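Single-structure report; data block below.
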Amino acid sequence: MKYTIFSRKQDEISLGIVKQIKSLIKLEYDEENPDIVITVGGDGTILRAVNKYIDLVDKITFFGVKTGHLGFYTNFTVNDIVDLCEKINTNNFDCETHNLLRWESNLNSGYAINEITITNPTATQIVDVYIDENIFETVRGTGLCISTTNGSTAYNKSLNGPVVDHSLNCIILTEIASINSNAYRSLNSPLVLSTNRRLELKSNNAKFLTSDHLQFELDHDDYVKCYLSDKKIKFGKRCNTEFMDRIKKAFL
Ligand code: NAP
Ligand code: MN
């Protein structure tokens, strides 16, 4: 077993945490081919770490250490570091897994943990939404967001999408500033779909596709296919990290 530490910030606190972890972990340090990735930072740091190691994601266990209060992917705080390192050294930890969202466009493809969006911030796009290869609706507006349950507390929540218990698996489709009038009509409610649904978005005028923190340009007549992949990410769990507590701490 080999491990690495992934940290975005170079401030004193983050460097101190990295140093402490390195002094406690007894495994070989290997940035290229790790079995364990310990992140230091927030949920955004996890997104970047997963993206960096996407080709190795099947064998990696991620452990997120958050410098502030707990995040949604960061199960550990600085107070847990000694305990966490002991767990890793003795290979004695519980895990939770989450399916990644797979997306494919004409030119690009990838995986998202939170969500993908297709948007045009300057002009209305007309997007035909296909579910399981059948046309479902046409949405006119800024765009659409396709989220996992993990992503339900992120961008999806800002779009008034439902906050979904992260232990569930589903796909959430929300509209971004859609026009609803006598001329144009779409569902205009968040739509929660089961895991095996396959979505396809065909836009006449899409500009950007975002996949978590990443942004790609789209051709005006691009299509985007999206579904829950069999590919999973694995997170090391801490005991007593109740989902409802996180929701309360984060939002209430
Ligand atoms: P960012 O703009 O720095 O982060 C946005 C915020 O979302 C941060 O506070 C981040 O937590 C938090 N976050 C990330 N994943 C989360 C999750 N699954 N549940 C609850 N909160 C979550 O960008 P970033 O850190 O690179 O994160 C990218 C994410 O930002 C995207 O995947 C998208 O969900 C979100 N986003 C939201 C909006 C919006 O709400 N209007 C717009 C664009 C993007 P940390 O501070 O711990 O990193
Ligand atoms: Mn962030």
Side-chain angles (χ1 to χ4, degrees), residues 42-44 46-47 69-74 98-103 110-132 134-216 218 224-228 242-252:
D43 287 326
I46 288 271
L47 301 180
H69 54 84
L70 291 179
F72 284 92
Y73 297 114
T74 48
H98 302 282
N99 291 71
L100 293 165
L101 208 53
R102 170 74 181 165
W103 61 267
Y111 293 93
I113 324 172
N114 275 346
E115 79 286 294
I116 67 161
T117 68
I118 67 163
T119 58
N120 183 332
T122 45
T124 311
Q125 30 170 350
I126 304 174
V127 190
D128 289 331
V129 178
Y130 292 79
I131 300 178
D132 296 339
N134 299 312
I135 180 77
F136 174 69
E137 64 174 349
T138 300
V139 177
R140 292 167 180 83
T142 301
L144 286 150
C145 172
I146 301 173
S147 175
T148 62
T149 44
N150 288 312
S152 72
T153 44
Y155 201 165
N156 167 77
K157 184 173 183 297
S158 305
L159 298 169
N160 283 324
V163 171
V164 182
D165 195 323
H166 288 191
S167 61
L168 294 175
N169 233 354
C170 62
I171 305 166
I172 311 158
L173 178 71
T174 46
E175 301 174 11
I176 306 174
S178 63
I179 303 172
N180 268 276
S181 65
N182 288 332
Y184 302 137
R185 189 130 337 263
S186 54
L187 186 65
N188 203 21
S189 294
L191 180 62
V192 180
L193 295 163
S194 68
T195 50
N196 51 357
R197 298 281 185 202
R198 298 176 91 85
L199 288 159
E200 187 169 359
L201 309 177
K202 285 184 186 162
S203 170
N204 71 330
N205 198 12
K207 275 264 191 309
F208 302 112
L209 181 146
T210 66
S211 174
D212 295 336
H213 59 289
L214 300 172
Q215 177 179 297
F216 302 84
L218 286 173
V224 179
K225 290 184 178 174
C226 186
Y227 56 92
L228 263 191
E242 234 302 297
F243 179 69
M244 297 327 300
D245 287 340
R246 291 176 200 225
I247 297 285
K248 266 164 68 179
K249 285 203 181 103
F251 300 120
L252 297 174

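Please read all numbers here as calculations on a predicted model, not as lab measurements.
Residues P162 and I172 form a side-chain contact, since some pair of their non-hydrogen atoms from C-beta on lies under 4.5 Å apart. Side-chain contact between S152 and D165 is absent, with no heavy atoms from C-beta onward closer than 4.5 Å. By the 4.5 Å heavy-atom criterion applied to side chains, F216 and S211 are counted as neighbours. Here the side chains of L101 and L228 are in contact, with some heavy-atom distance below 4.5 Å. When side chains are defined from C-beta on, F72 does not count as touching I46, because their heavy atoms never get closer than 4.5 Å. The closest side-chain heavy-atom distance from D212 to Y155 is not below 4.5 Å. The closest side-chain heavy-atom distance from I146 to L201 is below 4.5 Å. No side-chain heavy atom of N114 sits less than 4.5 Å from a side-chain heavy atom of D43.
S186 and N180 get closest at one heavy-atom pair: N-OD1, 3.0 Å.
For the side chain to side chain contact (heavy atoms under 4.5 Å, CB included) with I113, the qualifying choice from L47, N99, T148 is L47, the only one to do so.
Between the side chain of R197 and the main chain of D132, no donor-acceptor pair closer than 3.5 Å is present. The main-chain N or O of P190 is never found under 3.5 Å from a side-chain atom of E175 such that the two would form a donor-acceptor pair. Side-chain N or O atoms of T195 include none that pairs as donor or acceptor with a backbone N or O of N169 at under 3.5 Å. Under the 3.5 Å distance criterion, the side-chain polar atoms of E115 are left unmatched by any main-chain donor or acceptor of G151. Using a distance-only test at 3.5 Å, with no hydrogens or angles considered, no donor-acceptor pair links the side chain of T142 to the main chain of N120. With hydrogens and angles disregarded, no donor-acceptor distance shorter than 3.5 Å links the side chain of Q125 to the backbone of V127. Looking only at distances, no side-chain donor or acceptor of T119 sits under 3.5 Å from a matching main-chain atom of P121.
Within 6.0 Å of OH on Y184 lie no more than 12 heavy atoms contributed by other residues, nucleotides or ligands. When the shell of 6.0 Å around CZ of R198 is examined, it contains 12 or fewer heavy atoms from other residues, nucleotides or ligands.
Atom CE of M244 sits about 12.5 Å away from atom NZ of K249, to the nearest 0.5 Å. Between the OH atom in Y130 and the CG atom in L199 there is a gap of 13.0 Å [rounded to 0.5 Å]. Atom-to-atom distance recorded for C145:SG and I116:CD1 is 8.5 Å, nearest 0.5 angstrom. Taken from CD in E137 to CG in L187, the straight-line distance is 5.5 Å, to the nearest 0.5 Å. From I135, atom CD1 reaches atom CD of E200 across 9.5 Å, with rounding to the nearest 0.5 Å. In this structure, CG on L252 lies 11.0 Å from CG on D245, to the nearest 0.5 angstrom.
Side-chain contact check for T153 and H166: at least one donor-acceptor pair (N or O, by modelled atom type) lies under 3.5 Å. Between the side chains of S203 and N205, not a single donor N or O lies within less than 3.5 Å of an accepting N or O.
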>> Run the side-chain contact (heavy atoms from CB on, under 4.5 Å) test on T174 and N160 for me, step by step, so that the C-alpha distance in whole Å, both residues' side-chain angles and the decisive distance to 0.1 Å come before the verdict.
In response: CA-CA 8 Å; T174 46; N160 283 324; over 6 Å; no
